[in-house]
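It should be emphasised that the depicted structure is a prediction, and the values quoted were computed from it without experimental measurement. These values consider heavy atoms only, across backbone and side chains, with no hydrogens, waters or symmetry-generated copies. Chain identifiers are assigned alphabetically (A, B, ...) following the order of the sequence lines, protein sequences preceding nucleic acid strands; residue numbering begins at 1 within each chain.
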Amino acid sequence: MTEHRNILVCRGTGCVSSKSPLIMEELERQIKAAGLSNEVGVKQTGCHGFCQRGPIVVVEPEGIFYCEVKVEDVAEIVESHIKNGKVVERLLYTDPKSNEHIPHYRDIPFYKNQQRVILRNCGHIDPENIDDYISAGGYSGLKKALDKTQEGVIDEVMKSSLRGRGGAGFPAGKKWKLCRDAKGEPKYLICNADEGDPGAFMDRSILEADPHAVLEGMIIAAYAIGASKGYVYVRAEYPLAIQRLECALQQAEEHGFIGQNILETGLSFEIEIKRGAGAFVCGEETALMASIMGERGMPRPRPPFPAISGVWGKPTNINNVKTLASIPVIMSKGAEWFASIGTEGSTGTAVFALTGNIANSGLVEVPMGTELGKIIFDIGGGVPDGKALKAAQTGGPSGGCIPAEKKNIPVDYESLTSAGSIMGSGGLIVMDEETCMVDIAHYFLSFTQQESCGKCTPCRVGTKRMLEILEKIKGGEGKPGDLEKLEQLAWTVKNGSLCALGGTAPNPVLTTLRYFRDEYLQHIDNTRCPAQVCKGLIRYHINEEKCIGCGICASKCPVEAISGEKKQLHVIDEATCIKCGICFQSCPPKAKAVEKIDIEVIRAED
Amino acid sequence: MEIKEGQTVLDVARDAGIYIPTLCTLDQLPNFGACRLCLVKIEGMRGFPPACSTPATDDMDVITDDEELNNLRRNVVLLLLSEHPNSCIVCDDKELCEKYRTCPMKAGQITGCQLCPNKEDCDLREIVEHLGIEKVDYEFNYKNLNLEREDPFFDRDYNLCILCGRCVRVCEEIREMSVLAFTKRGHETRIDTAFGKSHLETGCRFCGACVDVCPTGALSARGTKWHGKLDSEVKTVCGLCNINCGIVVGVKWGKVVSTVPDPTSYTNGQLCVLGRFCIAPIINHFDRLKYPLVRKDDWLIPVEWEEAIDYAVEGLKKYSPNDIGFVISSDLNNEAAFMMLELARVLGTTNIAVGTPAEGSVVQEALQGGGNALGVTHLYRMSDFTEEKLMKPDEISKLKAIYTTQHLAGIEEAEFLIIQDVFASKTSECASVVLPALSFIETEGSVLSFDGTLRSLNAAVEPYAKARPDWVITNDVLKGFGNENISTLEDVRSAFKDELKKVTLPEMQELFLDGKWLPRILKENKDPQYSYRGTDLTKKVGDLRILKEANQ
Amino acid sequence: MNEKDVCKEVGQSFKIVSKEAVVPNIYEMVIEAPIIAEKVKPGQFVILIPDEMGERVPFTVSDWDVEKGTVTIFFQELGVSTMKLAKMEVGNTLESLVGPLGKPAEIANFGTVLLGGGCYGIGGIYPIARAMKEAGNRVITVVEARGQYLLYNLDKLKAVSDQLFLTTSDGSTEISGKVHDAVQHLLDKGEKIDRAVFMGCNFMLMMSSEATKSHGIKTKVFLNALMVDGTGMCGCCRCSVGGETKYACVDGPEFDGHEVDWEELFKRSGHYLNDEVLAYQFFNYKGCKQDMDG
Ligand SMILES: Cc1cc2nc3c(=O)[nH]c(=O)nc-3n(C[C@H](O)[C@H](O)[C@H](O)COP(=O)(O)O)c2cc1C
Ligand code: SF4
Ligand code: SF4
Ligand code: FES
Ligand code: FES
């Protein structure tokens with residue numbers, strides 16, 4: 001035992017739910033028992049972005065990465081690794097392709113191919129310890145900013161060409177300037193941490209892992225704009241994020257970064273945390289402001305833009321968590337450095353929550369302009385179980401589906417838009433060949449439909465009518481002309497809606513129609529779901545020759561639709577079957593007797 | 001085009017006479033941007049900005065109407081129609097049907113225009129016609145929501161609601177009550193009260209502002225909605241309190257069938273529950289006094305006017321001036337009150353009581369005194385009487401002969417009692433002579449409103465039964481005492497008009513700075529007194545009684 | 001019809017056995033009335049008074065059950081009386097129920113019979129259809145509504161009809177339009193019809209009668225719309241049929257659709273309108289007439 005070691009235990013939401021706090025306790029206890037408290041520190045961190053393999057424990061300085069650690073493994077880690085310097089191999093990450101153990105954090109493909117700017121501290125520092133943040137270079141950006149004039153700060157942000165990470169990609173510097181130039185006092189600054197997309201957890205992870213980065217960004221923005229009051233609007237379902245944020249706020253205040261007369265500069269800025277009720281639409285800036293003011297979260301027309309008239313009718317600047325978390329680095333490392341990452345039109349990095357049919361799901365950060373395929377295959381490890389990639393949806397439920405053949409598309413604002421999708425706030429859902437695109441469009445649209453605030457006609461009613469058509473198509477009742485009707489509706493909803501929720505809601509439908517029209521037509525003309533997903537178009541059947549009579553399917557069926565004696569052929573009663581597919585999944589691999597069969601839809605005569 | 005500060009593209013277009021369809025905006029309400037019918041194209045702006053909420057600038061290049069916009073608008077309206085009963089709109093027999101079914105059919109639940117009370121006045125129908133929609137491509141989705149009709153005064157059928165949000169905004173922004181709100185999300189979004197309570201439970205004041213702004217038949221005045229196309233509309237002012245809000249009286253079959261706020265009035269198109277919902281049932285109430293009556297052998301017998309007047313005159317002549325008293329209702333218009341004072345002067349008595357004496361602040365006076373409290377007070381002051389002499393009702397009741405213009409408890413015992421009133425009452429039952437008078441809806445005249453402004457009353461309908469204007473009746477009595485100076489309304493008016501015109505109340509000025517003063521007054525001070533000429537209106541209007549009981 | 005034939009069921013309580021809004025604004029109500037149930041024939045009606053302040057309103061009996069001693073009516077809420085009725089609950093009792101009234105429908109084997117129903121008539125036409133079927137006719141039934149969601153009683157009608165056509169103003173069913181459009185449609189297709197019977201609002205009766213007239217099809221219509229008294233005393237239901245004055249309640253309600261003076265009928269329908277409309281001013285929200293003390 002030579003140098004001082006740190007054992008980092010992930011205490012992000014993912015790992016906490018797989019019992020990482022117990023692991024940490026156990027580690028602390030055993031280290032103490034072993035009398036190693038002086039040589040070895042045990043420290044909590046936020047999310048590493050690889051929750052799929054959690055709980056994660058990292059030993060530094062070597063950077064050994066243990067995953068899927070259990071409380072029972074603690075003894076071995078302490079005994080073998082800490083005491084004897086022998087890495088516990090079985091806890092290392094195993095590359096699914098080569099089947100080899102990869103001991104070092106930096107060598108794991110999931111991390112190797114990332115460039116972490118916004119997530120720079122995530123997983124490395126203790127989010128509840130401001131000194132940890134400061135020693136990682138935190139609050140130096142603030143000091144640099146305070147040395148500049150307010151215009152100087154805005155210039156720097158403009159030079160960095162940083163675009164808002166909340167979805168629309170509006171240049172942050174330009175927005176700041178608008179707000180700064182607007183008449184009216186006081187001015188407000190809002191950090192948008194509503195993050196309503198299902199499956200997205202970038203903002204949550206940042207708040208949990210590196211709350212000070214967001215606070216620092218806010219203070220710099222407040223200084224530049226002249227805001228004296230800030231709100232962090234965060235959904236109440238993020239208790240850990242709120243707790244870390246509160247803790248960070250208190251520490252920052254104690255250190256004089258927030259409050260009256262910040263760092264003796266005469267600048268005053270206070271921050272209040274507002275808990276959102278978790279409506280997707282409350283992420284929309286005008287709805288969010290209404291919600292902050294205690295009204296129903298309903299968007300309103302812009303202009304006037306928040307920069308001119310925001311909360312309480314005063315100039316208000318609103319930025320996403322990631323936008324704000326980028327600010328401190330831009331200040332400390334300079335705009336040029338930031339602008340050198342990414343593409344000309346989209347500088348810096350993009351953070352994605354990679355999910356779906358993908359080997360490695362998690363949080364990834366890559367330079368803007370990285371090819372989609374690179375993210376999916378190099379970082380994400382591709383589609384599991386040897387299946388083929390069919391499409392990827394960027395931008396969450398309001399984004400669009402990009403087909404596999406476009407996997408070389410660079411991921412930046414312009415390219416995604418031209419492909420009919422959006423950058424959005426960073427959901428990235430990978431779909432394999434067994435995905436039905438009509439079903440996917442329906443799935444996303446039903447989310448936005450339910451989350452519509454109900455205010456404007458096209459979004460409230462139009463999306464419902466679209467859904468109804470999709471339901472019919474899925475059920476084998478599609479009619480010729482339905483696709484044109486869908487397109488017409490999509491056009492109306494997109495162009496007629498009041499806010500971007502409606503404005504983007506048709507994207508999944510439009511892109512799937514654009515790239516997978518044939519699949520729709522198969523549903524309509526041949527009443528066939530090529531991916532065999534749409535329940536209305538398939539039935540389940542037990543192959544007489546293959547059934548081994550194990551009875552597993554019968555025991556699992558929720559509606560008791562399967563009958564058959566042990567060791568005898570089992571039969572599905574189609575009248576009872578609800579097509580949940582459980583039998584299909586549970587039939588043992590050696591039998592694979594349950595089959596999906598296209599059904600002949602008998603159409604009502606026209 | 002000239003652009004005024006703060007104008008939107010829609011404002012400018014309207015000023016220039018350019019039509020842009022709208023459903024959710026309304027002049028007095030803040031913009032909302034919900035219906036998406038006013039979408040236009042503006043050079044340099046992305047997409048289709050809404051005209052109703054986009055501020056106009058000088059150098060703007062706006063297209064308000066082209067094929068693409070019409071297409072978009074048509075699609076949006078079709079979406080509304082996919083959930084709003086539309087069969088009548090697309091029905092081939094429309095014309096014949098309208099010919100043979102000239103009136104709506106009083107249906108509980110509205111499933112077509114022919115059944116809708118809002119038919120004559122429907123913004124949605126107007127727009128459908130403008131856009132030339134003849135077919136709705138969607139399967140109709142009837143929401144099948146329960147009718148909300150367990151509240152007094154209005155029915156709510158949200159199956160007709162298009163969620164324009166006007167009702168919510170008028171309640172919140174103008175009336176400052178927030179009884180209504182948007183609830184739920186997505187396609188299930190609805191207008192409702194908080195927690196789905198009844199309006200009564202929410203403390204709703206039943207001012208009817210929501211009913212008036214609703215562009216569809218979703219909100220409707222239960223008692224006064226089925227009249228169909230009106231024969232005429234008459235602007236006048238409400239005589240039930242001294243604010244004297246402007247009203248538009250709807251007339252059909254020679255009857256008052258509705259009263260709605262006059263948007264051009266100084267009260268900014270707002271009313272209270274009395275003016276909005278109670279005037280018609282009060283005026284048409286069967287308990288009105290119809291014929292002159294005189295007491296013969298203990299019975300009140302209908303007689304001709306001449307006989308009744310003679311009876312009254314002869315009766316009064318039997319008493320010395322000191323034994324005669326007058327009760328002047330503060331609901332009388334100026335002309336009528338003046339005539340009463342004139343009669344008292346000619347008879348030589350100062351025994352005068354004002355029915356509902358005005359007390360308290362100016363605002364409270366306006367709400368708690370009668371419909372012309374200020375006018376009556378001023379006329380009294382103007383005559384030779386001094387205010388200290390004004391009698392209290394209990395003093396009056398001790399007199400032997402009384403001439404009253406309202407119901408007043410305690411005076412029934414008088415030896416000789418003349419009542420000149422609108423409704424039958426305990427007082428009229430005990431009277432020696434009953435002189436049926438016309439209400440403020442049926443007479444010409446003037447009132448001095450609480451802000452010190454003289455306002456005229458216009459007769460909306462023909463006189464009721466044999467009833468006559470108050471001033472005419474009193475003048476006839478006066479003639480019986482040989483005083484024949486006055487023969488026309490102008491004669492009466494010229495006697496005091498200039499005096500009353502001089503009344504200015506500077507303390508009122510501040511009140512009128514913004515348009516919300518009336519709702520605020522009503523909010524702070526509750527509704528006007530539920531009485532007219534001494535008659536308790538809750539006894540005449542069942543729903544009003546329910547409201548009163550709920551508020552107690 | 002003599003007064004003595006009319007069962008007043010004195011001393012009986014007319015309990016509401018069930019009440020259901022079958023489609024928006026149309027209710028099905030089953031009422032306990034054993035004597036009426038025993039006597040009633042297709043096409044006859046009852047007169048009902050909802051509460052002690054109520055007016056008399058006629059309703060066609062659209063089904064009955066002798067065993068249970070009940071009669072079924074369908075009604076559309078279209079005024080103060082039906083509003084009160086719609087607000088009544090199962091278990092409540094009606095103030096009064098008189099019937100069966102009117103002459104029964106003429107039932108015989110005509111060959112092919114076309115039955116048309118709209119509004120309450122979709123319910124009211126049912127016993128006639130049933131009887132016609134039983135009499136050996138080929139029964140074609142056409143029902144109309146504004147939209148598909150307003151059609152009801154279809155299963156029952158289907159069971160007694162050889163063919164059932166649905167027609168709607170908004171085109172949400174196979175035939176777009178009204179009953180008369182469907183009649184036209186059928187005749188155009190060469191359907192041979194020996195007799196037509198229509199029940200519904202006067203407008204529909206008029207239009208449908210016109211459609212059959214040029215084809216010389218004997219047409220009967222049920223004029224149920226305007227009645228108060230139901231015994232020929234009040235004269236409300238007076239109408240001209242073939243130049244003669246008739247009273248729908250005693251001489252009908254079934255009349256020859258080609259002989260009715262429709263223009264006059266429509267003019268008369270307007271008469272009671274103002275009073276009915278004004279009546280709404282005097283009801284409080286519970287549907288009760290206000291008490292009237294001065
Ligand atoms: C329906 C909807 C939901 C949104 N949700 C979020 C969100 O959860 N987080 C966020 O930062 N921005 C969200 N936005 C974008 C915001 O309106 C706004 O553009 C963003 O806060 C601006 O910040 P930025 O300039 O830093 O991107 C949403 C927009 C819409 C239309
Ligand atoms: S699909 Fe589901 S319901 Fe059908 S048989 Fe299999 S397990 Fe049962
Ligand atoms: S009830 Fe009327 S005013 Fe209110 S939202 Fe619906 S349509 Fe608009
Ligand atoms: S929570 Fe531990 S890696 Fe995400
Ligand atoms: S009028 Fe502009 S959106 Fe409704």
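Side-chain contact between Tyr138(B) and Ser172(C): absent, with no pair of heavy atoms (C-beta onward) separated by less than 4.5 Å. Between Arg149(B) and Met83(C), some side-chain heavy-atom pair lies under the 4.5 Å cut-off. Under the 4.5 Å side-chain criterion, counting only non-hydrogen atoms from C-beta, Pro24(C) is in contact with Asn144(B). The side-chain heavy atoms of Gln76(C) and Gln109(B), taken from C-beta on, include no pair separated by under 4.5 Å.
Neither the backbone nor the side chain of Cys278(B) comes within contact range of chain C; no heavy atoms are under 4.5 Å apart. With a threshold of 4.5 angstrom between heavy atoms, Phe140(B) approaches chain C through side-chain atoms but not through N, CA, C or O. For Leu78(C), the parts lying under 4.5 angstrom from a heavy atom of chain B are both the backbone and the side chain. Looking at Asn86(B), the atoms closer than 4.5 Å to chain C (heavy atoms on both sides) all sit in the side chain, from C-beta outward. Proximity to chain C involves both the backbone and the side chain of Val257(B), based on heavy atoms less than 4.5 angstrom apart.
Per-residue heavy-atom pair counts under 4.5 Å with chain B were compared for Val23(C), Asp170(C), Asn25(C), and the maximum is reached by Asn25(C).
Nearest approach of Thr224(B) to Gln281(C), heavy atoms of both residues: CG2-NE2, 4.0 Å.
Distance check, rounded to the nearest 0.5 Å: OH of Tyr280(C) to NZ of Lys225(B) gives 7.5 Å. Rounding to the nearest 0.5 angstrom, the gap separating the CD atom in Gln114(B) from the SG atom in Cys201(C) is 10.0 Å. For the atom pair CD1 of Ile89(B) and CZ of Arg146(C), the computed distance is 11.5 Å after rounding to the nearest 0.5 Å. One finds the CD atom of Gln148(C) at 7.0 Å from the CD atom of Glu139(B) (value rounded to the nearest 0.5 Å).
The environment of CG in Asp155(C) is sparse: at most 12 heavy-atom neighbours from other residues, nucleotides or ligands sit within 6.0 Å.
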